[in-house]
Amino acid sequence: MKILRNHLKLLNNSSKRLKAIIAGAGDLPLRVIDKLYELGDDFLVISIAGFGPEEYPQFEVGNIGEILAFLKEKGATDVIFCGAVKRPSLFSLKLDNVGKRWLKKLSFRAFLGDDALLKGIRSLLAEEGLNVVSPQEILKTLLTPSGLLTIQKPTDMDLKDIARGIFVLNAMSKADVGQAVIVQEGVVLAIEAAEGTAKLIERSATLKLTNEKGGVLVKTSKVDQDQSIDLPTIGPKTIMEAKNSNLSGIAIGANVSQIIDFEETVKLANENEIFIIGV
């Protein structure tokens with residue numbers, strides 16, 4: 001993988017749109033950067049301090065005005081959010097004047113779930129003349145295909161657990177809470193909250209009904225979720241976490257979720273007899 005050391009890559013064709021990557025933690029930002037470089041697109045990169053790659057300009061999450069000023073100075077037209085950023089407490093967040101104005105406009109949405117907040121942020125960015133582009137528009141192979149993706153197949157009980165998990169997630173989505181649950185033999189062992197999927201899987205290991213291999217991670221988008229910013233994601237690390245918790249498999253929403261390093265993820269799952277199915 002190529003990793004750009006310069007935060008700004010501009011081509012001679014000034015008529016092209018300039019994409020701004022706002023990078024958080026994980027491998028996804030680096031893959032988007034590499035793909036845009038391969039495509040010859042104009043882009044720049046900024047990192048959210050404490051989360052994104054250190055070789056790019058760092059901005060604190062509360063410095064909205066500073067971020068917008070930088071993007072406008074460079075002539076950015078599109079914004080790509082990629083990578084994980086832990087949601088801070090609004091009461092401890094040090095907002096600049098623009099951030100305070102945004103918080104006032106967001107109103108109650110700032111205190112709801114992630115999807116409501118992100119939809120509000122997308123609307124505010126549109127007011128600033130910035131269009132949000134999803135990472136999967138750049139990495140076309142990110143979206144999860146439908147059907148069984150591994151050699152290992154789910155059992156009849158696994159399929160019942162998947163159905164149970166989807167039912168629970170659809171019910172939870174009305175409250176804009178969580179994108180993942182772990183179900184074993186019809187029992188919901190754990191529901192994803194603010195800790196994220198890795199901690200969810202780790203926590204579920206102590207809650208399993210037996211020490212035998214079993215239980216399914218079910219992960220998918222919320223009903224009517226904004227698909228441009230925060231899609232449910234799995235990758236090689238998820239497979240190893242599922243292995244450590246002795247889960248049978250993973251069911252993930254087809255066409256509404258993403259798999260990082262698809263081939264490696266499926267290969268690891270096959271090696272560890274863990275099924276992956278797009279549902």
Side-chain angles (χ1 to χ4, degrees), residues 25-26 84-87 112-116 144-225 230-261 265-279:
V85 175
K86 184 178 179 181
R87 182 170 173 171
L112 296 178
D114 288 344
D115 192 48
T144 301
S146 179
L148 185 66
L149 308 178
T150 52
I151 297 170
Q152 189 75 13
K153 298 178 181 179
T155 65
D156 288 343
M157 179 56 72
D158 291 330
L159 292 174
K160 291 177 182 177
D161 286 343
I162 292 168
R164 171 77 167 147
I166 292 171
F167 175 82
V168 171
L169 288 174
N170 285 342
M172 288 168 50
S173 72
K174 296 176 183 178
D176 197 0
V177 176
Q179 295 178 320
V181 296
I182 293 177
V183 184
Q184 184 180 22
E185 297 178 22
V187 177
V188 177
L189 300 182
I191 295 172
E192 183 184 43
E195 82 272 42
T197 304
K199 291 292 185 182
L200 166 74
I201 296 172
E202 180 183 342
R203 177 162 54 91
S204 73
T206 64
L207 303 171
K208 292 183 66 176
L209 303 181
T210 70
N211 292 327
E212 301 297 322
K213 189 169 187 176
V216 181
L217 169 67
V218 185
K219 186 167 185 176
T220 191
S221 292
K222 300 164 189 170
V223 176
D224 297 326
Q225 179 173 325
D230 181 33
L231 281 187
T233 303
I234 66 167
K237 291 180 181 178
T238 317
I239 301 302
M240 299 313 297
E241 290 155 1
K243 175 190 175 184
N244 293 338
S245 292
N246 211 18
L247 297 180
S248 293
I250 299 170
I252 184 163
N255 302 311
V256 292
S257 66
Q258 52 196 11
I259 299 179
I260 305 298
D261 291 334
T265 300
V266 173
K267 180 174 179 289
L268 271 177
N270 284 330
E271 290 173 350
N272 292 283
E273 298 182 339
I274 294 170
F275 71 80
I276 306 174
I277 186 170
V279 295

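At least one side-chain heavy atom of I166 sits less than 4.5 Å from a side-chain heavy atom of V218. Under the 4.5 Å side-chain criterion, counting only non-hydrogen atoms from C-beta, K237 is not in contact with M240. By the 4.5 Å heavy-atom criterion applied to side chains, V187 and L207 are not counted as neighbours. Side-chain contact between T238 and T265: absent, with no pair of heavy atoms (C-beta onward) separated by less than 4.5 Å. In this structure, the side chains of I274 and K213 come closer than 4.5 Å at one or more pairs of heavy atoms.
With hydrogens and angles disregarded, no donor-acceptor distance shorter than 3.5 Å links the side chain of S204 to the backbone of L189. In this structure, K208 contributes its side chain and S245 its backbone to a donor-acceptor pair below 3.5 Å. With hydrogens and angles disregarded, no donor-acceptor distance shorter than 3.5 Å links the side chain of T220 to the backbone of S257. In this structure, the side chain of K219 does not engage the main chain of I250 through any donor-acceptor pair within 3.5 Å. A donor-acceptor pair under 3.5 Å is formed between the side chain of S221 and the backbone N or O of V256.
Listed by chain and residue number, Q184, E212 satisfy the side chain to side chain contact (heavy atoms under 4.5 Å, CB included) test with T210 (two or more places apart in sequence, or in another chain).
Atom CD1 of I182 sits about 5.5 Å away from atom CD1 of I201, to the nearest 0.5 Å. A distance of 10.5 Å separates CG of L209 from CG of N211, quoted to the nearest 0.5 Å. Taking CD1 from I162 and CG from L217, the interatomic distance works out to 10.0 Å, rounded to the nearest 0.5 Å. Distance OG1/T144 to CD1/I259: 3.5 Å, rounded to 0.5 Å. Taken to the nearest 0.5 Å, the CD atom of Q179 stands 9.5 Å off from the CE atom of M172.
Among residue pairs with one or both ends in residues 188-202, those qualifying as salt bridge (charged side-chain N to carboxylate O under 4.0 Å, His left out) are E195-R203, K199-E202; sequence neighbours excluded. Here salt bridge (charged side-chain N to carboxylate O under 4.0 Å, His left out) pairs that include residues 270-279, with residues two or more places apart or in two chains, are K267-E271.
Contact record, D161 with G186: OD1-N, 2.6 Å, taken as the closest heavy-atom pair. Looking at every heavy atom in both residues, I276 comes nearest to A269 through CD1-CB, 3.7 Å.
For the side-chain contact (heavy atoms from CB on, under 4.5 Å) criterion with F275, the lone passing option out of L247, N270, T155, V216 is V216.
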